Protein chains: 2
Amino acid sequence: MPAQAPHFSARAAQIFHALSDETRIGIVELLVGGERCVCELQDTLDAAQSRLSFHLKVLKDAGIVNDRREGRWSYYELNREAFAEAEEMVRELRPRGRRPSVRVAANGRQGECCD
Amino acid sequence: MPAQAPHFSARAAQIFHALSDETRIGIVELLVGGERCVCELQDTLDAAQSRLSFHLKVLKDAGIVNDRREGRWSYYELNREAFAEAEEMVRELRPRGRRPSVRVAANGRQGECCD
DNA sequence: TTGACATATCAATAAATATTGATACGTTAA
DNA sequence: TTAACGTATCAATATTTATTGATATGTCAA
């Protein structure tokens with residue numbers, strides 16, 4: 001069997017990439033408590049407006065956040081599903097079972113590896 | 001209180017960055033069942049040697065894998081701690097509590113946001 | 001001891017991402 | 001209406017990350 005469904009690695013890479021930047025982690029931290037307006041994020045993070053907008057788009061494209069417009073304000077909130085997905089991915093990538101106590105190469109021979 | 005310990009976001013970014021590439025996800029998938037020799041990874045992933053070595057280094061620098069040398073072979077395995085750490089990070093970034101049913105801006109005023 | 005091997009590292013380049021400043025667009029207050 | 005506002009998007013540039021081919025290093029077999 002394949003290790004994972006065909007697009008698992010692409011989706012995993014996308015989610016983890018969205019979380020691989022300190023500014024974006026900062027945004028997520030601010031959203032942990034609930035929905036926030038872009039202008040609040042801007043004040044708190046002290047980030048230039050277009051820069052913040054760029055990072056919000058990365059998060060949105062990865063499905064990490066949802067947005068909502070209200071008049072001239074935009075509100076962002078975390079998407080619970082994406083976090084469930086991320087947690088599940090970490091679990092699926094995590095080491096399973098135990099290493100054999102006697103080391104056996106995957107080709108079945110002990111202490112040898114390549115031909 | 002700060003949302004997280006001072007280096008949380010740096011460490012989170014590092015771990016997630018290590019997992020943000022399809023080739024590296026592929027490597028991790030191969031290691032899920034236990035330790036593997038570099039040459040096996042090379043055959044299975046069909047990746048150029050220096051390319052594979054580069055990605056293994058990214059994973060190693062992030063603490064995702066440990067390596068071991070035996071004669072002329074190198075073996076890599078997943079580091080359980082890093083996955084526990086990653087899982088915990090996802091949990092800490094995940095939305096908590098409930099959004100207020102009546103929307104209130106963080107500045108306490110309803111329906112308003114910025115000054 | 002010499003030569004082939006497994007792997008890491010390096011330098012050059014390519015490709016992807018991020019930052020910045022400018023502009024565009026819808027919305028609201030005056 | 002018009003002007004200021006909040007936000008998104010774009011183009012140019014800077015920065016980071018990945019790939020490639022070459023070389024270095026330690027190890028083992030002949």
Side-chain angles (χ1 to χ4, degrees), chain A residues 9-10 13-27 31 35-62 64-77 105-107 109-115, chain B residues 9-10 13-27 31 35-62 64-77 105-107 109-115:
Chain A
S9 63
Q14 183 187 35
I15 287 201
F16 294 133
H17 169 256
L19 297 174
S20 73
D21 174 279
E22 288 200 55
T23 299
R24 291 193 293 265
I25 294 285
I27 293 172
L31 298 181
E35 190 183 59
R36 293 284 180 273
C37 171
V38 168
C39 56
E40 285 182 71
L41 301 176
Q42 216 170 304
D43 290 353
T44 310
L45 294 170
D46 191 35
Q49 187 268 319
S50 66
R51 182 166 166 262
L52 179 56
S53 205
F54 167 79
H55 287 295
L56 285 169
K57 184 167 184 346
V58 173
L59 290 169
K60 184 178 167 187
D61 289 347
I64 306 270
V65 299
N66 298 127
D67 65 339
R68 173 176 77 86
R69 202 168 236 284
E70 188 174 310
R72 37 186 181 180
W73 297 292
S74 283
Y75 294 87
Y76 284 79
E77 66 177 357
N107 61 14
R109 281 174 284 156
Q110 276 191 27
E112 294 199 14
C113 178
C114 309
D115 312 320
Chain B
S9 63
Q14 183 187 35
I15 286 202
F16 294 133
H17 169 257
L19 297 174
S20 73
D21 174 279
E22 288 201 55
T23 298
R24 292 194 289 267
I25 295 285
I27 293 172
L31 298 180
E35 190 183 59
R36 293 285 181 269
C37 171
V38 168
C39 56
E40 284 181 73
L41 300 177
Q42 216 170 304
D43 289 354
T44 310
L45 294 169
D46 191 35
Q49 187 268 317
S50 65
R51 182 166 165 261
L52 179 56
S53 207
F54 167 79
H55 288 294
L56 286 169
K57 185 168 181 348
V58 173
L59 290 169
K60 184 178 166 186
D61 289 348
I64 306 270
V65 300
N66 298 127
D67 65 339
R68 171 177 76 86
R69 202 167 236 284
E70 188 173 310
R72 34 185 182 178
W73 298 292
S74 283
Y75 294 87
Y76 283 80
E77 65 176 359
N107 61 15
R109 280 174 285 157
Q110 277 190 28
E112 294 201 12
C113 180
C114 308
D115 312 319

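Order of the sequence lines sets the chain letters (A, B, ...), proteins ahead of strands, with each chain counted from 1. Owing to the predicted nature of the structure, the values given are computational and were not obtained by experimental measurement.
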(Q) Taking the basic N atoms (NZ, or NE/NH1/NH2) and the acidic carboxylate oxygens, is any pair closer than 4.0 Å for B:Arg68 and B:Glu77? (A) no

**Q.** d(CD1, A:Ile27; C1', C:dA18) in whole Å
**A.** 13 Å

Q. Taking the side chain of B:Ser74 as its heavy atoms from C-beta onward, which of D:dA8, D:dA18, C:dT7 lies nearest to it?
A. C:dT7

Q | Spacing of B:Glu22 atom CD relative to C:dA15 atom C1', expressed in whole Å | A | 15 Å

Q: For B:Leu56 and D:dT19, give me the distance from atom CG to atom C1', rounded to whole Å.
A: 15 Å

Q) Any donor and acceptor pair, going by atom type alone, linking the side chain of B:Thr44 with main-chain N or O of B:Glu40 inside 3.5 Å? A) yes

Q) Taking the side chain of A:Arg72 as its heavy atoms from C-beta onward, which of C:dA8, C:dT27, D:dT19 lies nearest to it? A) C:dT27

Q: Kindly give the heavy-atom pair with the smallest separation between A:Leu56 and A:Val65, and that separation in Å.
A: O-CG2, 4.1 Å

Q: Figure out the CH2/C1' separation between A:Trp73 and C:dG26, and round it to whole Å.
A: 13 Å

Q) Quick one: which of C:dT7, D:dA18, C:dG21 gets closest to the side chain of A:Ser50? A) C:dG21

Q: Rounded off to whole Å, could you give me the CZ-to-P distance for the B:Phe54 and C:dA12 pair?
A: 17 Å

Q.
In whole Å, I'd like the distance from the CG atom of A:Leu52 to the C1' atom of C:dT19.
A. 13 Å

Q) When you check the phosphate oxygens OP1 and OP2 of C:dA6, does a side-chain N or O of B:Tyr75 lie under 4.0 Å from one of them? A) no

Q. Looking across every strand, which nucleic acid part, if any, lies under 4.0 Å from B:Ser53 by heavy atom: base, sugar-phosphate, or nothing?
A. base

Q: Round to a whole Å and report the spacing from CZ of B:Arg24 to C1' of D:dT19.
A: 13 Å

Q) Just to confirm, is there a sub-4.0 Å distance from OP1 or OP2 of C:dT19 to any side-chain nitrogen or oxygen of A:Arg51? A) yes

Q.
For a quick test of reading the model: is some side-chain N or O of A:His55 closer than 4.0 Å to OP1 or OP2 of C:dT17?
A. no

Q) Between C:dA6, C:dA18, D:dT7, which nucleotide has the shortest distance from any of its atoms to the side chain of A:Gln42? A) D:dT7

Q | Donor-acceptor contact below 3.5 Å, side chain A:Arg69 vs main chain A:Ser74 | A | no

Q. For B:Arg69 and D:dT27, is the shortest distance between a side-chain N/O and OP1 or OP2 below 4.0 Å?
A. no

Q.
Taking the minimum atom-to-atom distance to the side chain of A:Gln49, which one of C:dT7, D:dA8, D:dT19 wins?
A. D:dA8

Q: Measure from CG on B:Asp61 to P on D:dA18 and round the result to the nearest Å.
A: 12 Å

Q: Measure from the side-chain N and O atoms of A:Gln14 to the backbone N and O of A:Asp61, and report whether any donor-acceptor pair falls under 3.5 Å.
A: yes

Q) Closest approach of B:Leu31 and B:Tyr76, non-hydrogen atoms and distance? A) CD2-O, 3.4 Å

Q: For DNA chain C, determine which residues of residues 13-21 of chain B have any heavy atom closer than 4.0 angstrom to one of its atoms, and list them numerically.
A: none

Q: For B:Tyr76 and for A:Ala48, find the nucleotide of DNA chain C with the closest heavy atom, then tell me which residue's nucleotide is more 5'.
A: B:Tyr76

Q: Please answer whether the main-chain N or O of A:His17 pairs with a side-chain N or O of A:Ser20 as donor and acceptor at a distance below 3.5 Å.
A: yes

Q: Please confirm whether the backbone N or O of A:Ala18 pairs with a side-chain atom of A:Arg24, one donor and one acceptor, at under 3.5 Å?
A: yes

